[in-house]
Structure formats: C-alpha cells, structure tokens
There are 2 protein chains.
Amino acid sequence: MTFSIHDLARHLNISIGTVSRALNGRADVNADTRQRVLEAARALNYSPNQSGRSLRQGATHSIAFMLQPHPGDQEYGEPFFIPFLTGLQGRLAESGLDLIVVMGAPGDYQQERLRRVVETRRADAVVLAWTRREDERIDYLTQAGFPFATLGRSRSGGKTYPSLDLDFEKAGADAVDRLVARGHRRIAAIRPSLDLNFGYLFLDGYRKALRRHGIAVDPGLIAGGFINEAGGYEVTPQVMRRKDPPTAIIFNNDAMALGGCKALAEMGIKPGHDMAVTVIVDTPLCRYFSPALTAFRPALQPMGRRLAEMLLASLPAFAGAAGPETIREVWPLELIARDSD
Amino acid sequence: MTFSIHDLARHLNISIGTVSRALNGRADVNADTRQRVLEAARALNYSPNQSGRSLRQGATHSIAFMLQPHPGDQEYGEPFFIPFLTGLQGRLAESGLDLIVVMGAPGDYQQERLRRVVETRRADAVVLAWTRREDERIDYLTQAGFPFATLGRSRSGGKTYPSLDLDFEKAGADAVDRLVARGHRRIAAIRPSLDLNFGYLFLDGYRKALRRHGIAVDPGLIAGGFINEAGGYEVTPQVMRRKDPPTAIIFNNDAMALGGCKALAEMGIKPGHDMAVTVIVDTPLCRYFSPALTAFRPALQPMGRRLAEMLLASLPAFAGAAGPETIREVWPLELIARDSD
DNA sequence: TGTGTTCTCGTAAACGTTTACGGAAAAACG
DNA sequence: CGTTTTTCCGTAAACGTTTACGAGAACACA
C-alpha cells in the first residue's frame, strides 16, 4: 500500500542498500547516484517508514513530554505549558526530533503511562514536569537507565540528569522582602502540597526571608491545599480566621490565588486595597484579573529551548564536543508589579 | 539491551509464536500455557516493542492531534484545548490508543508537519483543529486516504470524515437576539480571519439575526484582525471611530475580546457600563476579567470524548456493528451571562 | 483399527529499514 | 605492468513483532 525503499530502489535500478546510504548521507556513495536518489525520493514523495527505522536503529527520534492535567480542573487548563512546549519543540525540531506530548487522565499517577512509554520504546527520552520532592518517576527512570530531563528539581535520582528549574526560594524571599518594605509584618503563604517541589522551595524562601527580617514564622499563617482554584478558595479562610489576620498573602500559584481572591471577596476584602496579594508564578490570568495581580514571571519559551538543549547534550547520539557539565540550572523569576499589593 | 519476546520464549521453553499468540489473546493456545505466559510476562515485566508491532501490523496504535500555537502569542497559550484533549485522550485510552500531540512551531503552516506524520506513519489517524473554510490539510488527508477527524467544519473534503463543531451561527445569532432584546441596535462584530471557519460561521449568524430584526448590516461595524490580543486591540478602534459608534460589541474570541477591552479602556469606555460586550467562546479568562465577560461556553471535555468516538467508529479496525452514519455533529454553545452586557 | 476432527504448537516468512561485510572496478603507485 | 589503495555498490543479516501454514497429538466416531 505504501511506498517503500524497495520501490524506490527498483525504480532507480539500484540496490536498496545504496538508496538507504544515499538518503542517510553516508560517505560511501557516488555523488551522482546520491543526486539521483535524492531527486527520485523527492519526486516520488518517498519518506521512510518510521517504525522500520526505529526498529532497526533502536531509536524513535522523538521525545515524550508527560502532560498531566490537574485533578478536578475541568475547565482551567494549563496555559503555563504551551509557551514552554513551543520552545521545547522548536529546539528539538532543529535536531530532527519530534516532540510528542503524552496525555494522562487527570488525577491518575503518571507512573503507569511513563512505564508504557519507556517499555514500549515509544520515545528516546522523556521530559518530566511538576517534579515532586521525592519523585518516583525519577527513581524509575534512573533505575531503568532511560534518558530524561526535568522541569523542576527533585531530591530523587542524584544529580545524574539535566534539570531546569525556577528560583522559587528567591521569588518567595523577594515577595516577602517587598511586602516587608511596604510595611507588612503579618504575611501569609498559601501553597500546594509540599510534595510538589516548587511548593516546598517557595515556602523555604518565604520562611528564611521572614527570619532575616526578624519576623517570627507563624504556622497559622501558612496553609496548603489542592493546587487549583477550589484549593485556594477552601484554604484561604483558614489564615483569615486567625485572631491576628494577615495583611498580605503570597500565593504560590495563579489558580490558587484566584480561588483565594474569591474567598476574600466573599469576606468583603479587596486585594490591593485591604489586602496585599502576590502570586509566585504569573500567567495571563494574573494580568487580566481585577485587580491585576502582582506576580513573578518565568521566561517559559526560552526555558523550553534551554531544557531541550540540556537534554540533547546528555544524549550520546547528540552530544557535541562539550561534556554535560552544565546539567542543572535554576532560572530567575521576574517580578511584575501590578495592582494587587 | 532490552527484553524481547525471544527472551520470554526461551525462559518459558516455548516458541515465540506461541508466546505472541498467548499474549494477544488468540484462541489457538492452551489455557495452561496462556496462563504461564501471562504470568511470566508480568513477572519479568515484559512489554512488546512498539516499533516491532507497528512494523509488522502496519498500525501504530496512536492518534495524532495537531496542535499549533497561534502566531505572536508568546504568552497566551491555548487553555481551550486542554479539557478537550483530556476528553479525547480518555476515550482513546479506553480503546488502547495513545494520544500524541504533535506540536508545530507557532505561525508555520501545519501542512509540513502533517505530511511527516502521515508519510512516516507515526500515527494511525489524526485529529485536526482550527479548521479553515477551505482547508488544504483536509484536502491532503482525503487525497492521501489517511483517516482523520476534525474539530470544526470545513467546506473541504466532502462529507467523508467525522467532524464535531460548535454552533457558531446560533451563538452569533443568540448574541444578537440578546443584545437587541436589551435595546441595542448598533451592534459591532469583531472576528478573526474569515479563513477560520468558525469566524465565518459566527459572522453569518450575526448577519442573519440582524436582518431578522430588521436591522441593516453595517459593514463599518464589522472588523477582522489577528486572532489574538493584539488583533483585538488593533481592530476595535476601527468600529469605534465611526460617526455612529456601536453600543455593543460581540467578540468571536476571548483573546480578541481582551485586546478590545484594553482599547476600549484607553478610550474611557467601560464594558458593561458604556458598552455591552459579548464573547462567543468562553475561557477562564472571560470569567476572571473585570467586568466578567458574558460568553458562550462549549462543553470541551465531552466534545473530546465524542470526537474520539466518532473517529473510532470511522476506523475499520474499531468499527463496531453500527456504520458511520452519525459522522457530523454540531454542538450548542451555552450562554453564561455575566457582567459585561 | 482406520479415518476425520479438533487442539495446540513450532517454523518461517514478512513488515521496512540500516549497516557490516565483501567484492568488483577504478584509481594510484611503484 | 603488478600491486595496493580507494571508491562504490550489492548482498544479506538484523531489529522485534505477528501470523499463515502445516504438523503432531489427542480425541471422536464408525
């Protein structure tokens, strides 16, 4: 049914070995014949069967990104990832690699999907996001000897894999510094599960900055919930019900911030007026919310490109002259001051 | 390096043929041996090499979704698609199919990526979105005899493929009806390129509804631009600069609406106060914008499921008893009244 | 016991590539 | 001209599966 290298070879009256070599740019083929082969391939619209190549070469020429929607978010989506993926795919394409995004059902653990990708050799490497503090996926991949890179740090797996992360500690600290400079002393922090490594890092920076300013860390001003709007909505009242409520809240996440602001609104509290609100990871929603939320913005597209580069550098088939020394990077988050604080 | 069916067979002292048959649930294998094979496969953690299967069977067991970010949107992302993809992937997974999302660089035409997917047999079928009125991708796929389904209608390719669309005509008309009922007579429409079929359909519904109400369609109240925030920002002043400016604007798209509202704000015009604003396709941004934008909401996740089902029904390997009669569907958009009109 | 049927399984070919190997022809070299 | 090297290409094996085919064993039936 489909057009194979045999057909092409027969058409050219040449052996399939030569055709393959010509197509793959090997040296031991005459310039003329190469020319003929390439022209014929173009004219007859031949392109090699991917399964055949993969089988023979043991490589799929594609990288898998594991995308998993958050549980309970029917509506929200993950606008965060699209620019990142754009950068990632752009860089991979330059090296002839396809990016395939493997979707998992929302809520189920990725472990099973990951195993499938790895064991069936669907991709040559995977990219993980939402790294956890102890991440079984990382353990699995290192133990299986499967190449991967992560968006986010983790304590799992040693320092053997490329990772790119954002400086959540610093953002947490910067947020505190800024609020303290503006006269706030009672600053709350709303975080997702501490499993999620960025939640942990953020809280760490928050705590250290408070201490640096000589402000005691009040556990009652720290609350954690599901990393979605419902989580923020549910958890924010906890810190507000204190006898000595905060005058500022730092949300680790845009969705939680929106839920939190909804809760605040129901208490008659207006962000930017009665309450300073800062968000760590900016998304378009922060910009369009009213009041526009002060937030820390990541450079998502460059991050995607960079992580692709780091991953490529770690793959034997692509490693250039340089060894994989710059394997772990932490990028800054840029403060975008808006109206909510 | 990896564990193949040969190893499994050797370990069991059985031929690979029998192992394969046992694994694939064929009838001509003894119940005992099947049991043994399955247990060993499980214990030794065997899973078949995907390239091998694909090569032999001529099927990849995966469906490709072509995702292409809009040009010029570094930041915005496509939250629209995530719930849709969740539904799509969920249904496909139930039939043992993987969903792979093929990313294209923003702005470049998908045609080249599509050819690659098709010619290299990376997927058994593809799902297209953002259908155009005349869509070369559809022409290509039908001509190539490659199975596909579309999110959105098109005039291309006849009625040979499953398609699921939203009723943009009706939404456009409903929006007009509602605004007329509220006393508006000068109603503007901001649309993306008419290439995009939903832009065309929307405008069609808008026009017909106006005529039905005996209101002449004023071309000066219709403007089209790029389907992003910049487009809305750039184009909205065009309708506002008329001597007889509109009292209501219908935006076909959330991003354009946000840009348009920005332009309005700069003119000192407040949506929901000095100007009624309606958006056709709702996203979280519409909800969180201030004022919250009245918009028509699609049932994205069920749509994803349904389109997967329709696609499956059109694939010979999956077609059940029923023929592919319900091949084209148009789903309603639900009005969510908020504060902007 | 002979014949036909049913179960079960092994053998081997095939899917479309890439690539190690070897050989023929051409070129280089003395 | 003989020898060595280089250039180029064909042959065939291999990647890991699935599956058509056939055959042996067991069973049923007469």
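Convention: sequence-line order gives letters A, B, ...; per-chain numbering from 1.
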- [ ] Hey, which sits more toward the 5' end of DNA chain D by its nearest nucleotide, A:N13 or B:I5?
- [x] A:N13

- [ ] Taking only the side-chain heavy atoms of A:R21 (C-beta and beyond), determine which of C:dG10, D:dT11, D:dT18 contains the nearest atom.
- [x] D:dT11

TODO: Let me know the distance between CZ of B:R56 and P of D:dA20, rounded to the nearest Å.
DONE: 7 Å

- [ ] Remember a base hit wins even if backbone is also touched, and classify A:T33 as base, sugar-phosphate or nothing at under 4.0 Å, heavy atoms.
- [x] sugar-phosphate

Open item on the list: With a 4.0 Å cut-off on N to O distance, would you call B:R36 and B:E39 a salt bridge?
Closed with: no

Open item on the list: Using the rule side-chain hydrogen bond (donor to acceptor under 3.5 Å, both in side chains), only one of A:R137, A:R133, A:R132 pairs with A:D135; which is it?
Closed with: A:R137

TODO: Please check the phosphate of D:dG10 (OP1 and OP2 only) for any side-chain N or O of A:T18 closer than 4.0 Å.
DONE: yes

TODO: Specify the separation, in whole Å, of atom NE2 of A:H61 and atom P of D:dC15.
DONE: 17 Å

Task: A:N30 CG to D:dC9 C1', straight-line distance once rounded to whole Å - done: 10 Å

Open item on the list: What is the distance, to the nearest angstrom, from the CZ atom on A:F3 to the C1' atom on C:dC15?
Closed with: 17 Å

Open item on the list: When you measure from the centre of the six-membered ring of B:F84, is the NZ or CZ of B:R305 closer than 6.0 Å and no more than 45° off the axis?
Closed with: no

Task: A:N49 side chain near C:dC15 phosphate (N/O to OP1/OP2, under 4.0 Å) - done: no

Open item on the list: Any carboxylate oxygen within less than 4.0 angstrom of a Lys/Arg side-chain nitrogen, looking at A:D165 and A:R328?
Closed with: no

TODO: Measure the distance from CG on A:L55 to C1' on D:dG16 and round it to the nearest whole Å.
DONE: 5 Å

- [ ] May I ask you to verify if any side-chain N or O of A:S15 is less than 4.0 angstrom from the OP1 or OP2 atom of D:dT11?
- [x] no

TODO: Please report, rounded to the nearest Å, how far the C1' atom of D:dA20 is from the CD atom of B:Q57.
DONE: 15 Å

Open item on the list: So, OP1 or OP2 of D:dG16: does either fall under 4.0 Å of a side-chain N or O from B:S4?
Closed with: no

Task: B:S95 (side chain) donor-acceptor with B:L92 (main chain) under 3.5 angstrom - done: no

Task: Along DNA chain C (nearest heavy atom to each residue), the more 5'-positioned of A:R26 and B:A31 - done: B:A31

TODO: Verify the contact: side-chain N or O of A:Y46 to OP1 or OP2 of C:dT17, cut-off strictly under 4.0 Å; return yes or no.
DONE: yes

Task: Atom pair distance, as rounded to whole Å: CZ in B:R53 and C1' in C:dA14 - done: 16 Å

Task: Between P of C:dG23 and CG of A:D28, the distance in whole Å - done: 16 Å

TODO: Assess whether one donor atom and one acceptor atom, taken from the side chain of B:R121 and the base of C:dG16, lie less than 3.5 Å apart.
DONE: no

TODO: Pick base, sugar-phosphate or nothing for B:I14, based on heavy-atom distances below 4.0 Å to the nucleic acid.
DONE: sugar-phosphate

